[in-house]
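First up is the structure itself, then whatever we jot down about it.
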Amino acid sequence: MPLTLYNTLTRRLEPLRPRDPRRVTFYTCGPPVYDDAHIGNFRSFLAADVLRRFVESPLCELEGIGPGPRTVVHVMNITDVGHMTDDDQADGGGEDKMAVAGRRLLEQKKSGKLPAGVALDPNNPYDIARFYTMRFLDDAKKLGLKVAIEQERDPTLMPRATANVPGMIALVGTLIERGHAYVVGSAGSRVVYFHVPSFQAYGALSGNTLDALREGAGGRVASENQSGKRHPADFLLWKEDSTHVMKWDSPWGAGYPGWHIECSVMSAARLCGESGVLDPDALVRLRVPDAHPIIDIHSGGEDNIFPHHECEIAQSACAFNTSHAGPYAGMWFHPRFLFVEGAKMSKSKGNFFTARQLYSPAPDGKGIEPAAIRLELIRTHYRSNANFTEQGLRDSARMVERWRRFRDAALAGRGEGDAGARRACRDAFAAALQEDLNIAGALGELNGWIGRVEAPVPADAALLREIDAVLGVLELEPPSSAQTDIGVFIGCEADPAVLAKLNERVAAKKAKDFARSDAIRAELAGMGYQIKDVAGGKVEVRRG
RNA sequence: GGCCGCGUACCAAAGUGGUCUAAUGGAGCGGAUUGCAAAUCCGUUGGCGUAAGCCUUCGUCGGUUCGAAUCCGACCGCGGCCUCCA
């Protein structure tokens, strides 16, 4: 059975049918960079990553095309334009988020909390964006996000919004020319709006049709923001504002772009050029036949469905389709929110984690190995609200260790093993993922097979490697470990105080003073170190 | 008010008409191993029974069916979006 996915646009499971089976185009709405990305962001990005890895894999069969491997061009943007804190679709009120981040960084700098060696001017929004972009790329590579690894070779795969403003200006111009956008206000305070009623299919993705919006508005669209708009649902394409922290010249005055237009530009610019990036002139000349998707797959968190993706469809279809119809993307893929310890993540509840808080070594972070974080974030079906818990993280860490043991034993094994069992596992694993990425089912098949193999052989390791090319777990860096002649320190430093205790414990054990040696173990546990005796007379030490 | 989704055993999570007391991981219990732990390996974890077997379970109630965790209806509960948020 070929790969089917739940398409948000049609609310049905549908086979994935790329326009060009040799080159599947995939666009993911990437992170804003005025703060560190949190594990909820990463759940969504990693779900997209697993999808692209699976589509690339020989395990994945596409309808009418057959099994892979195949190429996926995956683009993920970096939103480094500071959008507004109260960015309702009206006129962009509130404060620029980049400015808010600058104030926060300034405070951290004053209190000495910024990491040493960071050269950063908190008043410069480009500096702030660069700072968080680098941190995001670090996090993403640690967690095995393939696009972040690839962009080192081809930076165009992760375009920056600030580098694409000319394309946005060109596209806004096109939309005005084609009668889908209009300018209001006079020089100094001009605003360009997209005129929503000019796009018939508006609401198809989210169900928020113009009628529904009118009924549901319930006073939420503040009347003071409506001045000049021809329809309450019309949304911002360009705002003239000479006081803004980031601003660019345009035919409608110096200002900044609306927050939906960047994705319309960057997706088409990178994915519609056979190789490389379309320049603004080529972009405005781009014409896609009606009812043909401009890109094959588009992903983003469920909260992007409305208004962001709805507006993106309207812009892209009106700008690029010959008679201004959709659907822009053939397949809309929306992972759901992540909960933490049963509740929606929020800073005030204290259940808010950035990725680096989890993987950084103690005492700054929790010292959890990236492979365990990745597995925990991908192991729940992408359309369920996954619940991220300490317990789940421990489960995942153990599963990773079990796979590693199996792989190592297999590489050291001899013989052919059971080819039939391998084939059955491979088929069952693939079949589960073909069905709307049923990853829990696929992991069940994998674990069941691993449990049944009594004497693993190199061919088993090869299958595990093929499977892991999709999961992306074992290929991640194993936890750092520091060796001393007494202990192996996993994910933590060889603290002198700990070393002293370990030496004392060895002496106590030698003297068969087990009461003393157990007391030391308890003391270490009180200090946050778990220890266990391993082969060779050494002690394995872990934080946590 | 509108749109969408979810409710499975101790926990997480598969299963979408019979092979289901129901994959898989964790946790628990018993055993091997260990000075003790940890880790690992084996067995086991609804009830009764020595066993074969019988009875009961997949939010609740009802319906369709020879047969339902799986299909339909109602209800209860939970959540998301409609406004910045992955």
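Chain letters run A, B, ... following the sequence lines, proteins first and then strands; every chain starts at 1. Keep in mind the model is a prediction, meaning the values are calculated, not measured.
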Taking only side-chain nitrogens and oxygens of A:Arg398, does any of them come within less than 4.0 Å of OP1 or OP2 of B:A27?
yes
Does A:Asn438 put a side-chain nitrogen or oxygen below 4.0 Å from OP1 or OP2 of B:G15?
yes
Check the distance between B:U34's P and A:Lys512's NZ and give it to me in whole angstrom.
13 Å
Kindly say whether, by distance alone, the side chain of A:Asp303 makes a donor-acceptor pair under 3.5 Å with the base of B:G80?
no
Stem regions touching RNA chain B, defined by at least 3 consecutive Watson-Crick or wobble G-U pairs below 3.5 angstrom:
B:1-7 with B:76-82, B:10-12 with B:24-26, B:27-32 with B:40-45, B:46-48 with B:53-55, B:59-63 with B:71-75
Ignoring hydrogens and angles, state whether a donor on the side chain of A:His334 or A:His309 is under 3.5 Å from an acceptor on the partner side chain.
yes
Nearest-angstrom distance, P atom, B:A69 to B:C58:
8 Å
Could you check A:Asp518 against A:Ala440 and say which one's nearest nucleotide on RNA chain B is further toward the 5' end?
A:Ala440
Let's see if you can work this out: which of B:G5, B:A14, B:G35 has an atom nearest to the side-chain heavy atoms of A:Ser384?
B:A14
Assess the side chains of A:Asn208 and A:Glu310: does a donor N or O sit below 3.5 Å from an acceptor N or O?
no
The nucleotide from B:A13, B:C36, B:C41 with an atom nearest the side chain of A:Thr380 is B:A13
On a whole-Å scale, what distance lies between the C1' atoms belonging to B:G15 and B:A68?
13 Å
Scan A:His334 against the nucleic acid and name what it touches under 4.0 Å (heavy atoms): base, sugar-phosphate only, or nothing.
nothing
Report the residue (A:Arg11 or A:Glu302) whose heavy-atom-nearest nucleotide on RNA chain B is the more 5′ of the two.
A:Arg11
When the P atoms of B:G30 and B:A37 are compared, how many Å lie between them, rounded to an integer?
12 Å
Taking the P atom in each of B:G26 and B:U64, what is the distance between them to the nearest angstrom?
44 Å
Atom CD1 of A:Ile305 and atom C1' of B:C81 are separated, to the nearest Å, by 7 Å
Nearest-neighbour nucleotide for the A:Asn304 side chain, B:A86, B:C81, B:C41 considered:
B:A86
Quick one: A:Phe339 CZ to B:A12 P, roughly how many Å, whole number?
14 Å
In whole Å, what separates the P atom of B:C6 from that of B:U70?
14 Å
For A:Arg402, answer base if it contacts any base atom (sugar-phosphate contacts may also be present), sugar-phosphate if it contacts only those atoms, and nothing otherwise; contact means non-hydrogen atoms under 4.0 Å.
sugar-phosphate
I want to know whether A:Tyr27 and A:Tyr328 have ring centres closer than 6.0 Å.
no
Specify the separation, in whole Å, of atom CZ of A:Arg394 and atom P of B:A39.
12 Å
Would you classify A:Gly444 as touching base, sugar-phosphate or nothing, given that sugar-phosphate means primed atoms plus P, OP1 and OP2, and contacts are heavy atoms under 4.0 Å?
base
Nearest-angstrom distance from the residue atom OH of A:Tyr34 to C1' of B:C84
7 Å
What nucleotide among B:C85, B:A86, B:C36 has an atom nearest to a side-chain atom of A:Trp259?
B:C85
Is any side-chain nitrogen or oxygen of A:Arg404 closer than 4.0 Å to OP1 or OP2 of B:A39?
no
Atom C1', compared across B:U16 and B:A27: separation rounded to whole Å:
28 Å
Ranking B:G2, B:C4, B:G79 by distance to the side chain of A:Asn385, first place goes to B:G79
Compute whether any side-chain donor of one residue and acceptor of the other, for A:Glu14 and A:Thr10, lie under 3.5 angstrom apart.
yes
Would you measure the distance from the P atom in B:G43 across to the matching atom in B:U50 and give it in whole Å?
24 Å
Indicate, with a heavy-atom threshold strictly under 4.0 Å, whether A:Leu446 touches base, sugar-phosphate, or nothing.
nothing
Consider the side chain of A:Arg505, meaning its heavy atoms from C-beta on, and name the nucleotide among B:G35, B:G2, B:G80 that approaches it most closely.
B:G35
Taking 4.0 Å as the cut-off, does a side-chain nitrogen or oxygen of A:Asn41 come that near to OP1 or OP2 on B:A86?
yes
Should the pair A:Trp332 and A:His298 be assigned to parallel (<30°), tilted (30 to 60°) or perpendicular (>60°) ring geometry?
parallel
Between A:Trp259 and A:Phe235, is the ring centroid distance below 6.0 Å?
no
Is any side-chain heavy atom of A:Tyr256 closer than 4.5 Å to one of A:Trp238?
no
Using a cut-off of strictly less than 4.0 Å, decide whether A:Arg521 has a side-chain nitrogen or oxygen near OP1 or OP2 of B:A38.
no
Counterpart residues, ring pair (Phe, Tyr, Trp, His ring centres under 6.0 Å), relative to A:Phe54 (two or more places apart)
none
Verify whether one side chain among A:Ser396 and A:Arg379 offers a donor that lies under 3.5 Å from an acceptor in the other.
yes
Can you identify which nucleotide, out of B:G26, B:C4, B:A37, has its nearest atom closest to the A:Asp395 side chain?
B:G26
Can you tell me the distance, in whole Å, between the OH atom of A:Tyr382 and the C1' atom of B:A86?
15 Å
Suppose we call a contact any N or O donor and acceptor under 3.5 Å apart; does that hold for the side chain of A:Asp533 and the base of B:C36?
yes
Strictly by modelled atom types, are A:Thr162 and A:Asp80 linked by a side-chain donor-acceptor pair under 3.5 Å?
yes
Quick check on B:A86: is either OP1 or OP2 less than 4.0 Å from any side-chain nitrogen or oxygen of A:Arg336?
no
Quick one: A:Leu443 CG to B:A14 P, roughly how many Å, whole number?
10 Å
Tell me: CD of A:Gln391 to P of B:A13, nearest whole Å?
12 Å
Distance between the P atoms of B:C54 and B:C20, in whole angstroms?
14 Å
